Structures are given as structure tokens and as C-alpha cells.
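Treat the numbers as computed from the prediction; the structure is a model and nothing was measured. For reference, positions follow the sequence shown, starting with 1.
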Amino acid sequence: MNTAVKRTLRIFLILFSIFAVLVTAALAYYFSVTAGVRLEPSKLTLDTSYMKLYDKDGAEIVSAKKQTATPYKELPAHLPQAFIAVEDKRFYEHNGFDYKRIGKAVLKNVSSFSFKEGASTISQQLIKNTHLSSEKTLNRKLKEFKLTRSLEKRYSKEQIMELYLNSIYFGHSAFGASKASAFYFGKDVCDITPAESATLAALVRSPNRYSPLKAPDKCLSRRNLVLKLMREQGFLSQSDYETAKAEPLPDRAHESDENAYLSAVYERADELLASRGRRGINVYTFYDKDVQHTLSQQSAESDYSLVVRDNATHGIKAFYSTCGAIERLPASTIKPLLVYGPALEENLISPLTPLSDSRTDFNGYSPDDCGGATGEYMSVRYALSHSVNIPAVRVLNTLGAERGAQYLRKMDLEIPRDDYSLALALGGMKKGFTLLQMSDAYAVFANGGTFSPSSFIRSITDEKGRELYRFRPEKRRVFSEDVCYIMNDMLQTAVREGTAKKLRALDYEVCAKTGTGEGQGGNIDAYTMSYTHDDTVCVWMGNRDNSPVNATGGGLPANMTLAVYETLYRGRKPSAFPACDGVERVRYDLSEYENERRIVLADPLAPPAESGQELFRKCALPQTVSTRYSAPSIRKPVISVKNGTVFIELCQTQYYDYEIKRENRNKSVTIYKGKYTKCVCDNSVQAGESYTYTVTPFYKGRKGESVVLPSVRVEKAQTLPDEWWND
């Protein structure tokens with residue numbers, strides 16, 4: 001054997017030895033990693049495969065696991081066909097691994113220098129969903145390989161498909177095709193159409209991204225792709241394909257008692273867990289079973305939503321909706337957030353600021369009130385508590401729509417710049433907000449001016465108790481504490497005597513603002529936004545399609561709110577709102593306010609009935625003090641002469657005493673001294689004489705400034721001829 005051959009043989013033996021060592025090491029590593037891995041049939045069912053949910057007290061939300069498994073033979077043929085078409089077209093041919101597809105995926109990933117292309121079969125997906133996490137690691141892949149082989153050996157293809165369709169997640173808390181069909185289509189899975197099967201198959205890649213309720217355009221595109229693949233693979237005829245393609249997507253959820261709440265929990269958990277997967281996960285929520293039950297027991301002839309938020313933890317205790325978390329125009333509920341709160345913060349107004357309720361054209365925008373403008377002046381407190389429109393527009397006109405929108409932005413309420421107009425004061429905008437967003441914003445007033453986005457989830461742990469997530473609310477200052485104290489007080493006025501007076505039966509502090517949005521043909525939105533120091537309760541009524549509802553904000557939504565509070569505080573009362581050092585309750589001069597529309601501090605000596613009381617920020621107290629009683633003063637009385645009698649009409653407060661003196665030929669005589677009377681008559685004058693009168697006011701012995709009246713001359717009294725009646 002020559003040297004070259006020996007060298008070649010030696011190299012081959014070395015390479016073979018290295019290969020053998022590598023193979024042995026790989027096998028050893030494989031068996032080491034998968035040594036304790038066993039296929040567990042019990043995990044292939046939904047009840048033990050996915051995350052567990054717990055309420056605010058740590059008790060498991062049992063109904064979160066409810067699932068009806070549908071046997072394969074009862075499923076419509078087009079349902080598994082839809083999944084095969086888009087997820088695993090060689091499902092019935094391979095033994096759990098589609099090596100041809102794996103090869104293509106590897107080539108694409110290598111050529112693109114990425115790992116975006118996957119090649120998981122339905123069998124692999126079932127194993128990953130029920131036995132493993134979604135982490136992209138070698139160890140996880142090795143375990144998946146072993147378990148998938150075991151699955152294929154133990155179960156038939158029909159059994160694997162049945163287990164897969166009964167356990168896969170379809171978004172909005174819907175696990176399994178049966179629950180997903182009920183949620184999205186309101187029907188039994190046995191009765192769904194080919195288009196609906198394709199919709200379900202379109203969802204599984206990313207339920208949040210392709211939800212027909214959240215992203216209908218993306219869902220439609222993906223669904224039509226599934227239908228196209230079904231047609232190409234012979235599962236649909238051309239006519240059936242065309243019919244299915246023309247079928248519309250579902251546009252509303254068919255909610256159950258807890259679906260809205262659990263949907264939000266699952267969606268948020270998906271975002272937080274990302275690739276971690278859901279198996280063996282414990283999710284601790286703020287869920288309050290009793291309050292949720294009360295929400296679910298409400299009824300209306302329209303769509304409606306209710307949310308209850310804990311102001312201390314910023315957790316959502318309960319949420320119910322017949323149409324999901326849809327965005328709606330906020331109507332007048334935007335006024336405290338966009339108009340009055342910011343204007344108070346900027347010291348442009350106080351609760352006492354007089355506002356005109358007269359129709360005005362604001363550069364082409366001429367708002368009106370429900371029932372028409374009164375043409376009168378009213379205080380900010382009255383305008384807000386009675387939800388009068390024109391005064392709110394006047395305030396926003398002074399504040400500026402852009403400045404008001406800046407405050408909304410701090411509360412995560414975004415308004416596009418092309419929406420900036422005075423119509424915002426009444427909720428006029430293109431898009432609107434969800435009820436959950438609005439509840440977060442209203443909680444700002446209860447929390448002393450700080451904004452904290454709410455959460456359904458408190459924490460998440462894995463099967464070993466290791467914490468994967470904990471809700472740590474951020475805090476963002478929006479309003480000052482004194483502004484919130486004043487706003488809370490004004491919104492309590494809305495409960496006592498304003499548009500939210502259906503809540504006045506509650507014997508504790510409740511703040512509320514109602515809102516009613518009008519559309520063509522009637523009201524389309526009705527709100528009651530309310531809060532105590534402890535909780536925020538918000539209710540909306542309307543219809544998803546904007547058809548009219550027979551309701552106003554102060555009507556049925558307020559009744560629903562009352563029912564929620566009765567459950568929330570059964571046998572107890574919420575905490576009182578804390579005092580605020582930055583606010584002072586002051587007395588103001590009632591006469592100046594009502595007659596002159598001036599805010600003047602009351603004279604310390606003023607009678608109680610001649611002054612009102614109102615809250616002011618200490619940094620913006622009125623500076624002028626009335627001296628109406630400490631230094632009595634009057635407007636000049638009216639003097640006249642008729643038929644030889646002098647009449648002096650007093651036009652000042654009834655609390656004054658008056659002294660009236662008459663001067664004639666350097667002689668002064670007091671003709672009246674005593675309490676207020678509307679008119680003083682002097683008939684002890686002589687014709688042909690001139691007289692000068694001086695009127696001096698007194699209050700509790702304090703002499704005021706004397707007023708000298710214009711001199712008058714008394715003419716001879718007119719006499720009538722004898723027997724004038726015969727003329």
C-alpha cells in the first residue's frame with residue numbers, strides 16, 4: 001500500500017472517528033436532554049394544558065377552564081381541511097415531521113440570514129402547545145422531536161387533529177374550535193361555514209394580530225389566503241370558493257358572562273409572555289366575582305359596556321361588554337378632562353366664574369344646548385353639573401383646543417391635530433376612545449391628579465412559582481391636587497342636583513358626569529362616568545352600528561351605575577375624599593355676583609343671606625373684598641315730585657337703616673329714620689319752595705357715606721274744579 005493511499009485512509013479514519021464521536025455525543029446529549037420527557041395524555045386536553053387564572057383573592061377562576069371538546073366525526077369536514085391547507089398540507093402523509101418543508105425553510109432562513117421561516121407540523125404544534133414552551137432553543141426542539149414521534153405512534157391522524165382543534169388558542173379567551181365558534185360566530189362549531197373555518201385557521205398564527213374584531217383588514221386578507229389554498233388543494237370547488245370569499249367577517253363578539261374580562265386577560269398575557277408560551281402559567285388578576293356578576297346581570301335593548309376600576313391598585317375589578325372594547329365618541333364626558341380640568345389648572349376659571357349661555361357664532365361654529373340656550377349667565381359649577389354645552393365651548397375657546405388636547409395626551413387620550421376644534425368640548429371628533437381608556441382618565445381626579453394606566457393582571461408565575469411579570473403602575477402628573485379636589489366637589493354637585501341625580505340615593509361621596517351623544521335619528525351614545533375615592537365605575541350604552549338608542553346618560557346608564565355601587569359597597573362605605581390644604585372655601589358678595597357678575601369677597605360683617613360660599617384654589621383667591629356693610633354705601637336714590645309730594649325711592653339692601661334729611665332755607669330736618677322701605681314720601685313741603693335731601697345708610701350703627709340728591713322745587717299742587725265730574 002503506497003504512502004498516498006495510507007494517508008487518505010488515515011484521514012478517512014480520523015474524519016470517521018470525529019463523526020462517530022460527534023454522533024455519539026449528539027445522541028448522548030439527545031438522550032440526556034430527553035431522558036425524563038414523556039408524552040402525557042392528560043396534558044393533551046385543555047383543562048390541564050394552559051394557564052390558570054386567579055381572582056383578586058387568589059381563588060382560581062374555574063370557569064376560565066370550561067371547554068367543550070367536539071369529537072372529530074362531528075366536526076364539519078372543511079374545518080380540519082382549512083388547517084391542513086394553511087398549516088400542514090402533508091399532514092396525512094408524514095409521520096410528524098415534514099422534511100421537505102423543513103428543507104425549504106432551512107434554505108430560506110440561510111439565504112435571508114434569519115429564522116423567520118418555520119416548518120412545524122400540526123403534530124409539532126400540538127406538542128408545543130400542550131407540553132412545551134415556545135422558546136426557540138435546541139433543548140426544546142429535541143424534546144419536541146421525541147414527543148412528536150411518541151404522539152404519532154400512539155394516536156391516529158384523526159385523533160391528533162381532534163386534540164389540536166380542541167386545544168388551540170383563537171384569541172379573546174377562546175380555547176378550542178368549539179368555544180371560538182361560539183365567540184366569533186354565535187353558533188355551534190358543527191354549523192360553521194367554510195368561510196368561518198378559514199377564519200379560524202387564519203387566526204392561529206397570531207390571534208391578536210389577525211382578530212376580525214381588532215384587525216379586520218388583516219384577518220380578511222389572511223382568511224382569503226386560506227380559502228385560496230383550500231381551493232388549490234382540492235378542498236373547495238370554484239363556486240364554493242367564490243361563495244366563501246364573498247362572506248363577510250364577524251363584526252361583533254358574542255360575549256358570555258366573563259368573556260370580555262377573560263379576553264382582556266388572555267390578550268395581555270399573550271403580549272407579556274411573548275414566546276414563553278402559556279403552558280403551566282399562573283395568571284393572577286384583579287377579578288371580583290361578585291361585581292362581575294352584577295355587571296353581567298344588567299340588561300338593555302342595545303349594546304352596552306361597564307367597567308369597574310380599583311383606584312388604589314389601578315386594577316380592573318370587572319368588565320362586561322356586549323360588543324368588546326370598541327371606541328366611541330365621548331360626548332359631554334370629555335368636558336372635565338379637556339375643558340374644565342385644564343382651565344382650572346391654568347387659573348382661567350373657578351367654580352364661580354360666570355359664563356354666558358347665549359347662542360354665539362365662534363368663527364362658523366354655533367353650538368346649542370339640549371333644549372336651547374337660556375341666554376342667561378351661570379356659574380362654572382352649574383354649567384358642568386347640568387352639562388350645559390355653550391359655556392363649555394366658551395371656556396375651550398379661551399383655553400384653546402390644542403392646550404386642552406395636551407392634557408388629554410397625558411392621560412393616553414390621543415386626538416389627531418386635524419380634530420382640533422371647539423367641537424371637541426362636546427366630544428366632537430372622528431375616532432373617540434374605549435370605555436377602559438375613559439375610566440383610566442376619570443380615575444385621575446380620584447387619585448389626586450396622577451394618571452396610571454390600569455391592568456387586568458397583577459402578576460404571572462410559571463409552574464415552579466417563579467415570577468415572570470408583576471404589574472408596577474407608572475404615575476404621571478396631570479392635574480394639581482387642589483384642582484382635583486375642586487373638580488370632585490363640582491361632580492358631586494352633578495349627583496346632588498345635576499344630570500346624575502339618579503345616584504343621589506347613595507349616602508356617601510360619589511362624583512359623576514353624564515354624556516349623551518346625538519346622531520341622525522336620535523341618541524347614539526349614553527354615558528355615566530362616576531367614581532368614589534376607592535373605585536371608578538363607567539357605563540356606556542349605544543349600538544355598534546350607531547343606530548339610535550332610547551337612553552340618555554342620566555337615565556339607564558345611571559341606573560346601572562347605581563346597581564354596581566350597591567354591590568361594591570354592600571354593608572360598608574367607600575373612603576372619603578381627603579382634605580386638601582391648597583383649597584379654601586370663601587364667602588363672596590352675592591349681590592355683586594348676581595347683579596354685576598363680579599366675584600368679590602364678602603364683607604366680614606355681611607349677613608349670611610347676603611353672601612354665598614364657593615371653593616377656590618388658594619393660589620387663585622379673589623383679591624377684592626366688599627365693604628358693603630363695614631362701610632355702608634348706596635347708589636343714588638331716585639327723587640321725584642308729584643302733586644306737591646316728594647318721593648324718594650331707595651335702591652339698596654334691606655339690611656341697612658336709613659336717615660333722610662331735608663334742607664330748606666338753611667334749615668335741616670330729619671324726615672325719616674329707620675329700616676329699609678322701598679319709598680319714602682315727604683308731603684310736608686310747601687309749594688314754591690326748593691328742597692335738598694341727603695340720604696345716609698347705617699349698618700349696625702356704622703355710618704356710611706351720605707348721598708346728596710338733586711334739589712327739587714315743589715310746584716303748587718294741581719286742584720280740581722268743583723263738580724269736575726260734570727264737565
(message) Do the side chains of K228 and E232 get close enough for a salt bridge, i.e. N-O under 4.0 angstrom?
(response) yes

(request) Return yes if some donor-acceptor pair links the side-chain N/O of T434 with the main-chain N/O of A325 below 3.5 Å, else return no. (result) no

(message) Do K214 and E267 have side chains that approach each other closer than 4.5 Å (heavy atoms only, starting at C-beta)?
(response) yes

(request) Could you tell me whether F175 and Y266 have their ring centroids closer than 6.0 angstrom? (result) yes

(request) With the side chain counted from C-beta on, respond yes when Y304 and V539 share a heavy-atom pair under 4.5 Å apart, and no when they do not. (result) no

(request) Assess whether side chain to side chain contact (heavy atoms under 4.5 Å, CB included) is satisfied between W540 and R328, documenting all intermediate values. (result) CA-CA 9 Å; W540 165 82; R328 302 292 294 197; 3.4 Å; yes

(request) Would you indicate whether the side-chain heavy atoms of T528 and M560 approach each other to under 4.5 Å? (result) no

(message) When you measure from the side chain of R209 to the backbone of R205, do you find a donor-acceptor pair of N or O atoms at a distance under 3.5 Å?
(response) no

(request) Please confirm whether F479 and Y407 have ring centers closer than 6.0 angstrom. (result) yes

(request) Only counting residues at least two apart or in another chain, list the ones meeting salt bridge (charged side-chain N to carboxylate O under 4.0 Å, His left out) with K573. (result) D507

(request) Determine whether the aromatic ring centres of F286 and F456 lie less than 6.0 Å apart. (result) no

(request) Mark yes or no for whether R409, through its side chain, and I415, through its backbone, hold a donor-acceptor pair below 3.5 Å. (result) no

(message) Given 3.5 Å as the limit, does a donor-acceptor pair link the side chain of T333 with the main chain of P330, or not?
(response) yes

(request) Please step through side chain to side chain contact (heavy atoms under 4.5 Å, CB included) for the pair D412 and R476, ending with a clear verdict. (result) CA-CA 10 Å; D412 289 350; R476 192 184 310 156; 2.9 Å; yes

(request) Mark yes or no for whether S452, through its side chain, and E474, through its backbone, hold a donor-acceptor pair below 3.5 Å. (result) yes

(message) Under a 4.0 Å threshold between the charged nitrogen and the carboxylate oxygen, would E152 count as salt-bridged to R149?
(response) no

(request) For the pair V189 and L79, evaluate side chain to side chain contact (heavy atoms under 4.5 Å, CB included) and give the outcome as yes or no after the intermediate values. (result) CA-CA 9 Å; V189 66; L79 180 60; 3.8 Å; yes

(message) Would you say that D290 contacts H293 through its side chain, given a criterion of any heavy-atom pair below 4.5 Å between the two side chains?
(response) no

(message) Between N543 and S302 (side chain of the first, backbone of the second, donor and acceptor by atom type, cut-off under 3.5 Å), is there such a pair?
(response) no

(message) Whether the Y569 and T532 side chains hold a donor-acceptor pair (N or O, under 3.5 Å, no angle test) is what I'd like checked.
(response) yes

(message) Does any part of the side chain of L213, heavy atoms only, come nearer than 4.5 Å to the side chain of F183, both counted from C-beta?
(response) yes

(request) Please check if the side chain of Q298 supplies one atom and the backbone of L295 the other of a donor-acceptor pair under 3.5 Å. (result) no

(request) Give a yes or no on whether a salt bridge exists between E247 and K245, defined as a side-chain N under 4.0 angstrom from a carboxylate O. (result) no

(message) Using a 3.5 Å distance criterion without hydrogens, assess whether the side chain of D310 forms a donor-acceptor pair with backbone atoms of H314.
(response) no

(request) Examine Y287 together with Y261 and report whether their ring centres are nearer than 6.0 Å. (result) yes

(message) Strictly distance-based, threshold 3.5 Å: is any side-chain N or O of R544 a donor or acceptor partner for the main-chain N or O of C323?
(response) yes

(request) Take V478 and T450 through the side chain to side chain contact (heavy atoms under 4.5 Å, CB included) test and state the conclusion after the steps. (result) CA-CA 6 Å; V478 181; T450 58; over 6 Å; no

(request) Report yes if some heavy atom in the side chain of M161 is under 4.5 Å from a heavy atom in the side chain of F91; otherwise report no. (result) yes

(message) Just checking Y184 against F170, ring centres under 6.0 Å apart?
(response) no

(request) Begin with the C-alpha distance, continue with both residues' side-chain angles, and end with the deciding distance and a verdict on side-chain hydrogen bond (donor to acceptor under 3.5 Å, both in side chains) for Y565 and D535. (result) CA-CA 9 Å; Y565 279 123; D535 298 282; over 6 Å; no

(message) One thing to verify: whether D191 and K187 come together as a salt bridge, which I'm taking to mean a side-chain N less than 4.0 angstrom from a carboxylate O.
(response) no

(message) Looking at D55 and K289, is any side-chain nitrogen of the basic one under 4.0 Å from a carboxylate oxygen of the acidic one?
(response) no

(message) Is any side-chain heavy atom of L435 closer than 4.5 Å to one of M529?
(response) yes

(message) Taking R309 first and then D440, would you say they form a salt bridge - that is, a charged N and a carboxylate O separated by under 4.0 Å?
(response) yes

(request) Taking the side chain as every heavy atom from C-beta outward, state whether L408 and M411 have any atom pair closer than 4.5 Å. (result) yes

(request) May I ask you to decide if T121's main-chain N or O and Q124's side chain share a donor-acceptor pair within less than 3.5 Å? (result) yes

